[in-house]
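Atoms within a ligand are numbered from 1 in the order they appear, just like the ligands themselves. It should be emphasised that the depicted structure is a prediction, and the values quoted were computed from it without experimental measurement.
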Amino acid sequence: MTPDRNVFGATPPAPLVSLGWDETLAAAFARYPAQYRPGRVSCRQRTVFDVITADESVSAHASGALQRAGRLPVVGDFVVLLDQPEAAVSTIVDVLPRRSVLSRGFPGRDGADQPIAANVDVVFVVTAAGKDLNLRRIERYLALVNASGARPVILVNKADLAGDPPSLERAVAPVAAGGPVVVVSALAGAGLAGLDPFLALGRTVALVGSSGVGKSTLINALVGRAVQETAAVRDCDERGRHRTTVREMFVLDSGALVIDTPGLREVGLGTVGGGLAETFPEIAGLAAGCRYADCSHEREPGCAVREAVDAGRIPRARHESYLRLTGEVAFAQEKAEIGSARSERKRWKAISRAARNFRGTNER
Ligand SMILES: Nc1nc2c(ncn2[C@@H]2O[C@H](COP(=O)(O)OP(=O)(O)OP(=O)(O)O)[C@@H](O)[C@H]2O)c(=O)[nH]1
Ligand SMILES: [Mg+2]
Ligand SMILES: [Zn+2]
């Protein structure tokens with residue numbers, strides 16, 4: 001079955017406010033003259049972007065200036081469009097300031113982080129009952145979300161495969177840090193009402209989680225139609241393990257915007273360490289009681305965190321996970337510093353080469 005590509009539910013395209021437009025964005029857009037119009041990126045396929053505007057959905061290319069500056073939009077970005085009468089597609093000339101950006105560490109050479117989605121209010125960290133239920137992986141996702149400026153919600157899917165919902169809630173409670181946990185079965189349509197508080201008009205929700213946990217199945221259940229392919233639909237033509245290959249935003253009847261993402265093979269934290277204290281609040285809270293202000297909570301004497309671990313107040317596995325993630329972020333930051341130093345050196349080499357050539361031309 002071919003999925004229905006219309007991103008809108010039963011409701012037609014809506015004014016910008018219902019796409020999450022706010023006063024800060026309006027102020028940033030105010031300097032553009034009348035021929036420019038704002039829109040929100042709902043999908044990116046290589047070089048073509050789908051952009052939802054106040055009254056339609058259009059295809060667009062990023063301007064050469066944005067491409068050269070490496071300022072390409074991601075799904076969820078609010079952008080400024082310029083329609084050129086002779087061109088079939090619009091041009092994105094600017095990306096408006098982001099109120100949040102969900103990124104992951106990207107194993108690229110320069111160690112830069114890779115943005116996944118922008119202007120997201122809430123992220124559903126989706127996991128499935130059964131063998132996917134891995135607390136360590138949930139912690140990784142939570143760290144990414146907490147660093148993004150969006151709020152995390154832990155969503156346990158496939159409740160139909162396992163014990164009762166309360167036991168699934170209890171299973172993830174040790175990593176939830178008091179945040180919301182919702183147990184659903186996307187396939188059976190059970191428990192979905194628990195998501196309503198996060199799906200109000202103009203709110204943007206992104207779904208992240210391993211391949212196969214049921215993110216797209218959940219999107220279909222929320223939209224009420226098969227807008228996304230799910231693993232079961234095309235099991236015979238296996239194009240690799242991942243069903244969803246692009247990030248895409250859909251508009252629900254409630255007016256909420258939901259972004260489906262492909263499962264990540266590796267959840268690298270990248271340079272964003274900001275989310276760790278929020279992800280491990282009980283560890284961050286104890287750190288003030290350590291003897292050394294810069295305690296790494298590994299081996300230092302007088303470490304309040306180690307004491308709590310030894311006393312059984314913090315699970316050993318959780319402490320180890322904290323140390324591993326902290327170490328990863330430190331490594332990524334170092335790599336990014338070296339990476340940017342390298343590109344800076346390259347830039348200067350290019351500039352001095354240009355200067356030499358210029359002098360050369362003048363002297364000849
Ligand atoms: N039993 C059960 N199966 C489910 C449920 N939700 C999804 N599935 C199945 O899980 C498989 C994977 O679902 P998808 O929605 O494609 O998973 P995904 O997270 O989008 O995967 P990627 O796109 O690869 O990241 C499909 O066979 C679904 O039918 C559920 O609530 N219960
Ligand atoms: Mg999918
Ligand atoms: Zn310590």
Trainee: Picking from R247, K215, Q228, what satisfies side-chain hydrogen bond (donor to acceptor under 3.5 Å, both in side chains) with D260?
Mentor: Q228
Trainee: Below 3.5 angstrom, do we get any N/O pair linking S216 and ligand 1?
Mentor: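 In this structure, S216 places an N or O atom under 3.5 Å from an N or O of ligand 1.
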Trainee: With the Zn ion (ligand 3) as the reference point, give the N/O/S atom of H297 that is nearest.
Mentor: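 Checking each N, O and S atom of H297, the shortest distance to the Zn ion (ligand 3) belongs to ND1.
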Trainee: Any side-chain donor-acceptor pair under 3.5 Å between S210 and R137?
Mentor: yes
Trainee: Any N/O/S atom of S216 sitting less than 2.8 Å from the Mg ion (ligand 2), backbone or side chain?
Mentor: yes
Trainee: With only distance considered, is D160 within less than 3.5 Å of ligand 1 through an N or O on each side?
Mentor: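 N/O-N/O distance below 3.5 Å exists for this pair.
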Trainee: Going by atom types alone, do S57 and D50 pair a side-chain donor with an acceptor below 3.5 Å?
Mentor: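 No, no side-chain donor-acceptor contact under 3.5 Å.
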Trainee: Show the atoms of ligand 1 that are less than 4.0 angstrom away from any heavy atom in S211.
Mentor: 21 (O), 22 (P), 24 (O), 25 (O)
Trainee: Only heavy atoms of G263, strictly under 4.0 Å: list the atoms of ligand 1 that pass.
Mentor: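 In order of numbering, the contacting atoms are 25 (O).
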Trainee: Looking at non-hydrogen atoms alone, which of V184, V156, L187, V126 comes nearest to atom 30 (C) of ligand 1?
Mentor: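 Ranked by closest heavy atom to atom 30 (C) of ligand 1, first place is L187.
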Trainee: I'd like to know if R316 pairs up with D310 as an ion pair, taking the criterion as any Lys NZ or Arg NE/NH1/NH2 lying under 4.0 Å from an Asp or Glu carboxylate oxygen.
Mentor: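 Looking at D310 together with R316, the answer is yes, because their closest N to O distance falls below 4.0 Å.
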Trainee: Once you measure the plane-to-plane angle for H297 and Y322, does it fall in the parallel (<30°), tilted (30-60°) or perpendicular (>60°) bin?
Mentor: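 Rings of H297 and Y322: tilted, 30 to 60°.
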Trainee: Please determine whether side chain to side chain contact (heavy atoms under 4.5 Å, CB included) holds for the pair C43 and V246, giving the CA-CA distance in whole Å, both sets of side-chain angles, and the decisive distance to 0.1 Å.
Mentor: CA-CA 7 Å; C43 188; V246 295; 4.1 Å; yes
Trainee: Between R31 and D94 (salt bridge meaning N to carboxylate O under 4.0 Å), is one present in this structure?
Mentor: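 The answer is yes: the pair qualifies as a salt bridge.
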Trainee: Within rounding of 10°, what is the angle whose vertex is the Zn ion (ligand 3) and whose arms end at SG of C303 and SG of C290?
Mentor: 110°
Trainee: Under 4.0 Å from a heavy atom of T217: give me the atoms of ligand 1 that qualify, with their elements.
Mentor: 6 (N), 7 (C), 13 (O), 14 (P), 15 (O), 28 (C)
Trainee: Short N/O distance, under 3.5 Å, between G212 and ligand 1?
Mentor: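 Between G212 and ligand 1, an N or O pair is found under 3.5 Å apart.
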Trainee: Counting C-beta onward and ignoring hydrogens, is there a side-chain heavy-atom pair between Y292 and P301 closer than 4.5 Å?
Mentor: yes
Trainee: Which part of N157 is near ligand 1, with near meaning a heavy atom under 4.0 Å away: side chain, backbone, both or neither?
Mentor: side chain
Trainee: Say whether G209, considering both its backbone and side-chain N or O atoms, lies within less than 3.5 Å of an N or O atom on ligand 1.
Mentor: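 There is no such contact.
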Trainee: Specify side chain, backbone, both or neither for L161, according to which of its non-hydrogen atoms lie closer than 4.0 Å to ligand 1.
Mentor: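 The answer is the side chain.
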Trainee: Donor-acceptor check, side chain of R44 to backbone of R46, threshold 3.5 angstrom: yes or no?
Mentor: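 Indeed, once roles are kept as given, a pair shorter than 3.5 Å links the two residues.
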Trainee: For ligand 1, which atoms, with element, lie under 4.0 Å from some heavy atom of T230?
Mentor: 15 (O), 16 (O)
